[in-house]
Amino acid sequence: MSKQRVLTPQDEDFPAWYQDILNKAELADNGPVRGTMVIRPYGFALWERMQAAVNQRIVDAGAENAYFPLFIPQSYLNRESEHVEGFSPELAVITMGGGRELAEPVIVRPTSETIINAYMSKWIQSYRDLPFLINQWANVVRWEMRPRIFLRTTEFLWQEGHTAHVSRQEAREYAAKILHEVYQDFMESVLGIPVLIGYKTASERFPGAINSMSLEAMMRDAKALQMGTSHELGQGFATMFNTTYLDAEGNQEYVWQTSWGVSSRMVGGLIMAHGDDLGMVVPPRLAPIQVVVIAVRDDGAVVEACHSLANEMVAVGLRVKVDDKTGTGFGRRCTNWELKGVPIRIEIGPRDLEQQQTTLITRMTGEKQTVSLAAAPQHLVTLLEDIQDNMLAAAISWRDSKIVDVVNLAEAREASQVGFARIAWEMLGTQGEVALAEDAVTVRCLQRADGSLPEDIDEPNLLAICAKSY
RNA sequence: CGGGCUGUGGCGCAGUUUGGUCAGCGCACCUGCUUUGGGAGCAGGGGGUCGCCGGUUCAAAUCCGGCCAGCCCGACCA
């Protein structure tokens, strides 16, 4: 009964560590078609909780949910030239249906700007219909060369918001609002993952957008992960789909649009941003299970005490699971809950019961403490809040320790191998961006020196965040 | 699409060079007993047309030919 290695250590082989977690924490499996994934119940529970928190914020931002078809006429994509050029290499195209060749091939949506525009143009008539704010939760398909579960799969789950506004200014502000009030707030306050925000460079921009904003997080191997994007689409789609409205002066005008999304990739980000060599570490606000109560041994009184304590905890609003599967060894069960990253583990054994107490272990720190059964529920409520705050604080300080300010290309190249390099965009420039690409380093985003979002990409004195990424 | 590699129970692999008690190991799974405060021990057990097709041979996981699939490295991506 000694402690043995469960996962490949992160230092030894980070991708292997990630794979091990997917399997051992029962998060997901590969699907039979390359690039597809099966999301298992625990992995899906994480996603569902993300959905609920993001959806609430989207609704608060004024957008309404709707649903558009999975199949899009090929001709729709062809209307916006940059859009179709950007996506055509990764499209799944259906040419057969009902046993016959189709007159016009059908695209499996890689994103829905086109089909949503087709309907916006129908529904929007007057400036009184604006802003038009809509969102859908859906699956999309982008044929991927190098898939990795959650991070880059051929089919993935996401939310895509699409809006139409009377002015460029209003559209820009709304895209920024989503970035800050929906995405950044969700990621930092629920996921406990700090993000750097900024504009994508022209080469990293969404196909068809005039500007793309992104949220970039640092994983435990110091690589970057784009956690979400919010785009300013300008009037390109509106022009091609004739999405117009009549303004107060009686003029026919094109709308200004945005689109924005976060995906099941965030599950991968959660794993890689907080995980350690024992498994996942899930922040309390997200955790499907916040507390697991483990019956140490098969003893009627012990099991009963576990359930009774669990009931009290549920009564104060906690999400609790009782593990009374005493047929499985104690150590094994502890390990399994650690792998799943449950924030707090409570052990109740005969010795605890004699003292009317319980042993409480915090997943994030491994810290053990003894708490009386009577005080446990209330104690847990505050402890979970502390853990949530501590996880974000720890992630921020760790990330900041891996960001290096540099002044030239050579330094940027070097620093990007072991963290994020921050360099004046005027210094780096598009040529520097191309040079960095040789080392698989990209400019993740452009931001102001204080980390805030610039007015636009041409604003002077911007900083480029450079890193290797997923 | 260019370069390197691999296909053997659910997973990870050995065996292939030197055809013949090689259908085997670890983990997982099932049964029983003992266990249970950090991945338990012992005993027993189930499960594989050795990627597919063809060829050589008395005999093929092993040799030959073809096909298929997958992995890793390079150009695109939430």
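Chain letters run A, B, ... following the sequence lines, proteins first, then strands; residues in each count from 1.
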Would you say the side chains of A:Glu173 and A:His165 form a donor-acceptor pair under 3.5 Å? no
What string of B, S and - do you get for nucleotides 72-78 of chain B, 5' to 3', when a contact is any protein heavy atom under 4.0 Å? -SSB-BB
Nucleotide forming a Watson-Crick or wobble pair with B:C5, both distances under 3.5 Å: B:G70
With A:Gln136, which residues qualify under side-chain hydrogen bond (donor to acceptor under 3.5 Å, both in side chains), at least two apart? A:Ser112, A:Glu160
Separation between the P atoms of B:C29 and B:G66, rounded to whole Å: 44 Å
Re B:A28: Watson-Crick or G-U wobble partner, both distances kept under 3.5 Å, found to be none
Rounded to whole Å, CH2 of A:Trp337 lies from C1' of B:G37 at a distance of 18 Å
Output, in order, the C-alpha distance, side-chain angles, deciding distance and verdict of side chain to side chain donor-acceptor pair (under 3.5 Å) for A:Glu204 and A:Thr442. CA-CA 9 Å; A:Glu204 298 278 327; A:Thr442 48; 4.9 Å; no
Strictly by modelled atom types, are A:Ser214 and A:Gln226 linked by a side-chain donor-acceptor pair under 3.5 Å? no
Counting only distance, no hydrogens or angles, is the base of B:G37 paired donor-acceptor with the side chain of A:Lys368 under 3.5 Å? no
Under a 3.5 Å distance rule, please check whether A:Asn117 uses its side chain to pair with a backbone N or O of A:Glu113 as donor and acceptor. yes
Please report the distance, rounded to the nearest Å, between CD in A:Gln19 and P in B:G12. 10 Å
Atom pair distance, as rounded to whole Å: CD1 in A:Ile361 and P in B:G39: 14 Å
Please work out which of the three classes, parallel, tilted or perpendicular, describes the rings of A:Tyr76 and A:Phe241, given edges at 30° and 60°. perpendicular
Between P of B:C27 and CG of A:Leu7, the distance in whole Å: 18 Å
Do you know which of A:His231, A:Lys200, A:Arg205 makes side chain to side chain donor-acceptor pair (under 3.5 Å) with A:Ser212? A:His231
Do A:Asn23 and A:Gln19 get their side chains close enough for a donor-acceptor pair, meaning under 3.5 Å? no
B:A23 -> Watson-Crick or G-U wobble partner, both distances under 3.5 Å, gives none
Touch check for A:Arg351, heavy atoms < 4.0 angstrom, all strands: base, sugar-phosphate only, or nothing? base
How far, in whole Å, is B:A78 from B:G41 if one measures between their P atoms? 48 Å
A:Arg345 atom CZ is separated from B:G39 atom P, nearest whole Å, by 12 Å
Here the distance between atom C1' of B:C11 and atom CZ of A:Arg40, to the nearest Å, is 12 Å
Pick out the pairs of N or O atoms, protein on one side and nucleotides 28-33 of chain B on the other, that lie under 3.5 Å.
residue, atom, partner, partner atom, Å
B:A28, OP1, A:Arg332, NH2, 3.2

Nearest whole Å is fine: how far is B:G41 P from A:Phe330 CZ? 17 Å
Considering only atom P, compute the distance from B:U8 to B:C53 and round it to an integer number of Å. 15 Å
Side chain of A:Thr359, base of B:G37: donor and acceptor closer than 3.5 Å? yes
If you measure from the C1' atom in B:G15 to the same atom in B:A23, how many Å do you get, rounded? 10 Å
Take the protein atom CZ of A:Arg297 and the nucleotide atom P of B:G38, then report the distance between them rounded to whole Å. 11 Å
Watson-Crick/G-U partner (both atom distances under 3.5 Å) of B:G39: none
Does A:Arg57 make a cation-pi contact with A:Trp260 (under 6.0 Å, within 45 degrees of the axis)? no
Whether A:Phe14 and A:Tyr470 hold their rings parallel, tilted or perpendicular, with breakpoints at 30° and 60°: tilted
If pairing means Watson-Crick or G-U wobble with both distances under 3.5 Å, then the partner of B:G54 is B:C64
Using a cut-off of 4.0 Å on non-hydrogen atoms, how would the nucleic acid contact of A:Asn23 be classed: base, sugar-phosphate, or nothing? nothing
Base, sugar-phosphate alone, or nothing: which one does A:Lys200 contact when heavy atoms must sit under 4.0 Å apart? nothing
I'd like the P distance from B:U34 over to B:C52, given in whole Å. 45 Å
Using 30° and 60° as the class boundaries, would you call the ring planes of A:Phe87 and A:Phe206 parallel, tilted or perpendicular? perpendicular
Watson-Crick or G-U wobble mate for B:A75, both contacts under 3.5 Å: none
Using the P atom as the point on both nucleotides, what is the distance between B:C5 and B:A14, in whole Å? 16 Å
Could you tell me how far B:G51 sits from B:G9 if I compare only their P atoms? Round to whole Å. 8 Å
Can you tell me, in whole Å, how much space there is between the P of B:G24 and that of B:U49? 14 Å
